[in-house]
Structure formats: C-alpha cells, structure tokens
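None of these values were measured; they are calculated from a predicted model.
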Amino acid sequence: MTESMNTASRTKKLSLIHVPFGLGAGRPGTEEGPESMVQIGLMRQLRKTAFEVASEHKVKVPAHPAAANGEQSGGVKHLAEVKEMGTLVAEQVSLEASKGHLPLVLGGDHSVTIGALAGMAAQAGKLGVIYFDAHPGLQTEESHPLGRLGSMSLAVALGKAKLKLAELNRDARENAIDKANVVLIGVRDVEPEERAIIKAEGITVFTMHEIDRMGIEKVISKALEIAGNGTDGIHVSFSADCLDPIEAPGVDMQVPGGLTYREAHFACELLAETGLIRSIDVVEVNSKLDESRRTARLAIGLIASLLGKRIL
C-alpha cells in the first residue's frame, strides 16, 4: 500500500500534545521526554497506524520553579507550577476530545497525567482508567516525604489528595473517574500509605506477581472488564517505569522485575483491539538517564501498538 493510499484509508484522528514538564519528578530529564520520543521516530511510527495526526500542540509549561526551593504550603514541591501545567493540559485535552480526536499526551513526569485526566473528566460521563506503573501513584501531600506531585497523580484523580481535578478544569465532573473503574498494572513498589488506600478503597491492582501467575493476556482481559464496565471509554496512562529497567533504563525511579518487551507490546495490542481507548498519556521517559534512547524507542513502539499497529 502506498503512503497516499494508507493516509486516505484512515478514518480515526488523534491530537498530539507535547508536555515538556519535569517539576513533578525527583530528577531532571523527564521534561525532555517528548522531544526524545519525536527525535527517535514517533511520527514514523504513527504513520503505521490507522490514525491520522489531526493536530499537534506544544503546551507552554513553566520550565523553572517560581520559588527558590519550589515548595508551597504543606511542603508540596512546585504546586503552583503543576497547577499551571495541569490547567493548560486539561484545556487542550478537553478541546481535542470534544472534536472527537484521541488526545495523545507526551510527558513529562507523571504529574502530567493529572492534567490529562482533568481534561477527560470534562468530556466523559464515566471514564475508566488503566494505569501502567511500577508505583501506584497514591501518595498524598501528607504521606510523601519529598512532596513530589508526580507520585500523587492517581490520588488526585480519585479525590484522595488535597489537589482536585476541578482546580485544573472547572468542567471536570466530580464522579467521572470512579475507583471501581480504575486498574493498576505492573505495580511492584508500594508505600505503606498507598497499600492502606488500595485495601480500604478496593482498588484493583495487578502487581508483577499477578502478571507472572496469571499471564498478561488474562490480566488485560480482567482489566478491560473493570475499566470498561459502564464507562464511556478508557484512558491509558503508561509510565515507562512499568517496564523492566533492563528494557527501559531511562526512567527516574528504576524498579527491577517489570514488564518485558513482549508483555508490554502484547498488552498494548490487546487494549487496541477493543476500540475502547479514548485518550493516552505516556510519561516518565528520562532522556538524561536513557541509554542510546532505548527507552524512548520502546515507548514510541508501544504507542503504535496502543493505536493498533500490527505486524501484518
């Protein structure tokens, strides 16, 4: 098939949203993630999917902390900057989703997910969330010793943190994201406070133990049942640190024993087959820690798989 024929056959559209923000992370480098993924061949990978890039946006996020130490009330670092970034991301995501485009958000650290979810919470009546990460993202302002909002993204989305989605987007529906429709996959580093929230709220978590025991196909099948139950679609949040650091060394917080190359691709392929994905964010690619851009290269391949790319 020629490139012109392939382009003409596409009926689905996506909006590419670059968010070069890293102030929610522990070390510099994630702010370079979007550019790293583009330079290693993202657009070439996207052309291999059924999606047409309808629009492309680079969010003008704050690049430097307003205060010398970056702290706000309660010891939370870079709160003002995260709120500014999240508001801009939410606005762009909501706008593109309202056009019927699939927002593909390139981060950035995991605080970028807060903005993406705030934007989708304004568009979906009920939104399922499948959250790939080595960490649950359920730290709060009280529990996180270093006050990094990149470790609180899911806590914010579920209303467990002081920061609320509605602070970033006043149109975000309070109950758009229900804990009953949230699934975490690839978790293997959990703090005691996060474990308490998971057990108290009954949040579904498939740790690497469950993936080893059940197999990735069954895990994704069950995740889709939960995230898709009564929802208007699914947001996929994919943190590069859900992958094994042998495969993806360029992440801020390496945790051994993550998803393998094939497990990750198979998971993304299975998700794409359902047609339920309404939005995606890909975060925590740290170019300063990457080796020959291996992590960025794997990330763009997984994006293509999430968008339906197949070998044949």
Side-chain angles (χ1 to χ4, degrees), residues 1-21 32-61 85-108 112-130 168-169 171-173 176 227-228 231-238 268-269 271-283 285 296-297 299-310:
M1 180 180 289
T2 66
E3 178 65 25
S4 60
M5 289 173 63
N6 187 44
T7 302
S9 68
R10 297 172 185 166
T11 58
K12 297 181 283 189
K13 298 181 185 295
L14 69 80
S15 293
L16 191 58
I17 303 171
H18 305 249
V19 191
F21 185 84
E32 299 175 2
E35 184 61 24
S36 181
M37 286 185 272
V38 169
Q39 288 184 0
I40 205 65
L42 174 63
M43 301 308 291
R44 184 171 64 252
Q45 287 287 351
L46 294 181
R47 285 194 292 270
K48 297 177 182 179
T49 75
F51 281 84
E52 173 190 351
V53 179
S55 61
E56 189 171 359
H57 311 272
K58 184 174 181 179
V59 178
K60 294 182 179 180
V61 300
M85 174 276 298
T87 299
L88 294 171
V89 172
E91 180 182 12
Q92 195 66 60
V93 166
S94 181
L95 175 63
E96 299 306 322
S98 72
K99 298 175 184 177
H101 300 170
L102 184 152
L104 171 57
V105 180
L106 303 178
V112 170
T113 302
I114 301 172
L117 290 174
M120 290 305 296
Q123 293 297 322
K126 288 193 70 178
L127 183 69
V129 177
I130 295 181
L168 308 180
N169 188 334
D171 295 324
R173 297 179 178 88
T231 61
D232 300 314
I234 294 171
H235 176 88
V236 176
S237 179
F238 197 100
C268 291
E269 291 161 0
L271 291 172
E273 287 176 358
T274 68
L276 295 175
I277 298 175
R278 295 292 176 264
S279 50
I280 301 168
D281 73 70
V282 179
V283 296
V285 174
R297 184 177 288 107
I300 66 172
L302 292 171
I303 288 170
S305 289
L306 273 173
L307 296 172
K309 177 190 171 186
R310 293 292 180 270

> More than 12 foreign heavy atoms under 6.0 Å from CD of E269: is that the case here?
Replying inline: yes
>> Using 0.5 Å steps for rounding, measure from the OG atom of S279 to the CG atom of L117.
In response: 7.0 Å
> Does the side chain of H57 come under 3.5 Å of the side chain of S55 through a donor N or O and an acceptor N or O?
Replying inline: yes
>> Among residues at least two apart in sequence or on other chains, which ones pass salt bridge (charged side-chain N to carboxylate O under 4.0 Å, His left out) with E56?
In response: none
>> Please enumerate all residues that pass side-chain contact (heavy atoms from CB on, under 4.5 Å) together with A118, with sequence neighbours excluded.
In response: A90, L165, L168, N169
> Which pair of heavy atoms, one from T113 and one from S237, lies closest together, and at what distance?
Replying inline: OG1-OG, 3.4 Å
> Which pair of heavy atoms, one from A54 and one from H101, lies closest together, and at what distance?
Replying inline: CB-CE1, 3.6 Å
> If we only count heavy atoms from C-beta on, is the V19 to Q92 side-chain gap below 4.5 Å?
Replying inline: no
> Just how far is it from atom CD1 of I280 to atom CD1 of I17, taken to the nearest 0.5 Å?
Replying inline: 11.5 Å
> Are any of the side-chain heavy atoms of R310 and E273 separated by less than 4.5 Å?
Replying inline: yes
>> Any non-hydrogen side-chain atom of V53 less than 4.5 Å from a side-chain atom of L14?
In response: yes
> Between S94 and Q123, what is the shortest heavy-atom contact and its length?
Replying inline: OG-NE2, 2.8 Å
> Can you list every salt bridge (charged side-chain N to carboxylate O under 4.0 Å, His left out) pair that touches residues 95-106, not counting sequence neighbours?
Replying inline: E96-K99
> In a check of side chain to side chain contact (heavy atoms under 4.5 Å, CB included) between H235 and each of I130, D281, V93, which one passes?
Replying inline: D281
>> According to side-chain contact (heavy atoms from CB on, under 4.5 Å), who are the partners of S36, at least two apart in sequence or on a separate chain?
In response: S287, R293, A296
> How would you list, by chain and number, every residue that makes a side-chain contact (heavy atoms from CB on, under 4.5 Å) with T231, sequence neighbours excluded?
Replying inline: K126, N181
>> With rounding to the nearest 0.5 angstrom, report the CZ to CD1 distance, R44 to I300.
In response: 6.5 Å
> Residues two or more places apart in sequence or in another chain: which of them pass salt bridge (charged side-chain N to carboxylate O under 4.0 Å, His left out) with E35?
Replying inline: none
>> Taking salt bridge (charged side-chain N to carboxylate O under 4.0 Å, His left out) as the definition, give me every residue that meets it alongside E32, ordered by chain and number, with sequence neighbours left out.
In response: K288
>> Checking K60 now: which residues fulfil side-chain contact (heavy atoms from CB on, under 4.5 Å) with it, not counting sequence neighbours?
In response: none
